[in-house]
Amino acid sequence: MAADRDTKVVTHRFGDESAKEIATYEAQGGYQAVRKALAMTPADIIAEVKVSNLRGRGGAGFPTGIKWGFLPKDADRVYLVCNADESEPGTCKDRELIYWDPHQLIEGMVIAAHALGATDNYIYIRGEMMREYAVLERAVAEAYERGYLGDGVFGTGTRCHITIHRGAGAYICGEETSLINSLEGKRGWPRLKPPFPAVEGAFAKPTIVNNVETLANLPYIIANGGQWFADLGVGRSGGTRIVCVSGHVERPGIYELPMTITFNELINEVCGGVWKGRKVKGVIPGGSSMPPLSADELDVPVEFDALMSDERIRPVEVLPGVLFDMGGGRQLRSMAGSGGIVVMDEATDMAEVTARIIAFYRHESCGQCTPCREGTGWLAKIATRVARGQGRPGDIDLMATIADSIAGNTICALGEAAAWPTLGFITKFRADFEAKIAAAGKAA
Amino acid sequence: MSIEFSADAQAKIDALVTRYPTKQAVVLAALHLAQKEFGHLSDEAMKLVARTLDVPYAHVFGVVTFYTMFRREPAGKNVLRVCTNVSCMLRGAYDVLAAFEQKLGIKVGESAGDFTLVEEECIAACANAPAVICGTKYFLDVTPAQIDDIVAYLKDRPHPESEVV
Ligand SMILES: Cc1cc2nc3c(=O)[nH]c(=O)nc-3n(C[C@H](O)[C@H](O)[C@H](O)COP(=O)(O)O)c2cc1C
Ligand code: SF4
Ligand code: FES
């Protein structure tokens, strides 16, 4: 049955302060699915996850079951790492999932670890999340006390340990190969791929990195079956979606909703409309690295494939009439990313928003690749002068050309994370940039 | 004179070392502990971490300079991290930051008395923008009018970041 707006799979305990206690979690049926999973074979769990159409909630939307299938069959040791580094601007769901329902995540991890044959597992939590770290540490300790983590979990012979690993302030550590280096106690420099982590990751062993929300869904997939989860969603996207709505709406918030809800429905029916009685100008659909949608593109659903391929979304251009090429002639519309939806009203200065977004990626560039390090530096300089009303004729095309030369030429996707919104904002809101540059010309 | 970890911190490090296949993996955790014990990461503190985990000092130094939460200088008891990223900016974060600067009489990056003021990137509280974090305490939907109360609250009840290490 398709999800409706009241369907809450992973957020149903939000708002209940007692739900983070293991006793409450268990009284509400928690830690039953994992018992069922431990009686299943790893292959059966992976098959169930494949049927579920669960897609990664960390940014790329990659099918979880397929990713798990990339592990070499003969690996002597495998690591599972939960990515709780949440720091993509506009995204604030993983932090809440940990705070309100830490045992749901732990249960999901034990299920995943059993499916992958991973015995020693880690939760990489962002260093600034101190309140959540304390909650998680307590929950992990409770799970150890009850024998749900340890050398033989739930009375079986299965070994499953979880160690919480704190980051220390670096956005780039959310990127999975950077995260792995940070887990190894190094600078968080992304690694060249291949080898992919599933083949050679943490401590040179096959490693699966999954997002908090991805893992939190697993107990329900095991309890109710993969088909049930697939049916909640649509097409190739199973389950519900947590969206984090911020910016200029009356009721910003973290909402778990059907994949099929459109941006217009979300803004007007769930979030009480645009604030101050204004109209919407644009929306960032999946964290600040994703190209924005303009006001006439908001009848598209929040679902992964729709944002990539719905023809009502105009593809991103490098120059007017010249489409951006993602490689192999593929067009870029947008992506559902991390679920961070930022709504901007008609009074928003898009040149200013663009400059702030670029400043962020420049600050977080690890500096390993020249196109990213130098390119984000130049972009930041030009975008800032345009935003401050000191732009020069030609600055728009200069920004677009620099962005185009970053994309596809770097070790990790932070390059794209800077380039895509730059090109997207210019494509959709070129008039804002032109007006500021024209005004600067008059003032000079 | 070389410094040492307290027995408590040393026990935590010893326990963590058993959790990973390498000692090096504990560098970040040991640095968090050192920062808690010594207030900031002096050369002596970094040498202590290197010695404790059998890793080169240069490695520890490289790690400390990569991550923004590690400090080589002392800071105030309360590190106020004010988010100015896009969701917060759209709802007035720069006015909030300016109000903190005025109230504390310092600029971003500076310390005075019990406070250090940091302009932070997104702290994953975007649906309650503008957001400010201080240790385990979040201040949400902040307006400039609330700055006096926030500062008074933290003077009474400091929330040092080392509290949860
Ligand atoms: C620059 C950058 C930052 C990222 N930050 C995060 C993050 O904070 N949290 C996250 O789960 N994934 C993040 N990702 C995606 C991860 O690399 C990885 O794809 C994800 O954790 C996989 O989990 P999933 O398949 O469950 O989505 C980031 C990727 C890039 C390129
Ligand atoms: S793209 Fe940027 S962040 Fe990624 S590895 Fe290269 S320099 Fe570092
Ligand atoms: S943008 Fe400020 S908390 Fe996310």
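Below, chains carry the letters A, B, ... as their sequence lines are ordered, and counting in each starts from 1. All values reported here derive from a predicted model rather than from experimental measurement. Heavy-atom basis, side chains included; hydrogens, waters and symmetry copies ignored.
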Answer with side chain, backbone, both or neither: which region of B:Glu163 has an atom nearer than 4.5 Å to a non-hydrogen atom of chain A? neither

State whether B:Tyr20 and B:Lys23 meet the cation-pi test: NZ (Lys) or CZ (Arg) under 6.0 Å from the six-membered ring centroid, and within 45° of the perpendicular axis. no

Roughly how far apart are B:Asp43 CG and B:Phe61 CZ, rounded to 0.5 Å? 7.5 Å

Please look at B:Leu53 and chain A and tell me whether the side chain, the backbone, both or neither of the residue comes under 4.5 angstrom of a heavy atom of that chain. neither

Find the one option among A:Ala359, A:Gly253, A:Ala202, A:Gly367 whose heavy-atom pairs under 4.5 Å with chain B are most numerous. A:Gly253

Counting C-beta onward and ignoring hydrogens, is there a side-chain heavy-atom pair between A:His161 and A:Leu149 closer than 4.5 Å? no

Trace of the ring pair (Phe, Tyr, Trp, His ring centres under 6.0 Å) decision for B:His32 with B:Phe70: CA-CA 8 Å; B:His32 278 303; B:Phe70 293 139; 5.1 Å; yes

Is there a side-chain contact between B:Glu37 and B:Ser6 (heavy atoms, below 4.5 Å)? yes

Compare every heavy atom of A:Gly90 with every heavy atom of A:Val342, then report the nearest pair and how far apart it is. CG2-CA, 4.2 Å

Which answer fits B:Ile123, side chain, backbone, both or neither, if we ask what part of it has an atom under 4.5 Å from a heavy atom of chain A? both

So for B:Val26, is it side chain, backbone, both, or neither that comes closer than 4.5 Å to the heavy atoms of chain A? neither

What part of A:Thr348 is in contact with chain B, defined as an atom under 4.5 angstrom from a non-hydrogen atom: side chain, backbone, both or neither? side chain

With a 4.5 angstrom heavy-atom cut-off, which part of A:Arg126 approaches chain B: side chain, backbone, both or neither? side chain

Examine whether an atom of A:Arg95 lies under 4.5 Å from a heavy atom of chain B, and if so say whether it belongs to the side chain, the backbone or both; otherwise answer neither. side chain

So for A:Phe360, is it side chain, backbone, both, or neither that comes closer than 4.5 Å to the heavy atoms of chain B? both

Any side-chain heavy-atom pair of A:Glu96 and A:Thr11 under 4.5 Å: no

Check the side chains of B:Asn128 and B:Asp141 for a donor-acceptor pair under 3.5 angstrom, ignoring hydrogens and angles. yes

Answer key: most heavy-atom pairs under 4.5 Å with chain B among A:Glu88, A:Met344, A:Glu352 is A:Glu352

Residue among B:Ile133, B:Leu90, B:Val27, B:Val60 with most heavy-atom pairs under 4.5 Å to chain A: B:Leu90

Give the member of A:Glu364, A:His165, A:Lys93 that has the highest number of heavy-atom pairs under 4.5 Å with chain B. A:His165

Is the closest basic N to carboxylate O distance between A:Lys281 and A:Asp345 below 4.0 Å? no

Sort A:His363 into side chain, backbone, both or neither according to what part of it lies under 4.5 angstrom from a heavy atom of chain B. side chain

Any idea which of A:Gly127, A:Cys366, A:Ser246, A:Ala168 has the most non-hydrogen atom pairs under 4.5 angstrom with chain B? A:Ala168

Interchain contact, A:Tyr79 with chain B, by part (heavy-atom threshold 4.5 Å): side chain

Looking only at heavy atoms, what is the nearest atom pair of B:Pro144 and B:Ala99, with distance? CB-CB, 4.0 Å

Pick whichever of B:Val63, B:Val55, B:Leu16 has the most heavy-atom pairs under 4.5 Å with chain A. B:Val63

So which of A:Val245, A:Ile357, A:Leu183 has the largest heavy-atom pair count under 4.5 angstrom toward chain B? A:Leu183

Sidechain-backbone polar pair: A:Thr177 side chain, A:Glu175 backbone, donor-acceptor under 3.5 Å: no

What residue, out of A:Glu137, A:Met129, A:His248, has the most heavy-atom pairs lying under 4.5 Å from chain B? A:His248

Please determine which of B:Glu120, B:Glu121, B:Glu119 meets the salt bridge (Lys or Arg N to Asp or Glu O under 4.0 Å) test together with B:Arg81. B:Glu120

Below 4.5 Å from any heavy atom of chain A, which atoms of B:Ala125 appear? Answer side chain, backbone, both or neither. both

A:Glu184 and A:Arg191 ion-paired at < 4.0 Å: yes

With a 4.5 angstrom heavy-atom cut-off, could you sort out which part of B:Val165 is near chain A: side chain, backbone, both or neither? both

Quick check on A:Ile341 against chain B: is it the side chain, the backbone, both or neither that has a heavy atom closer than 4.5 Å? neither

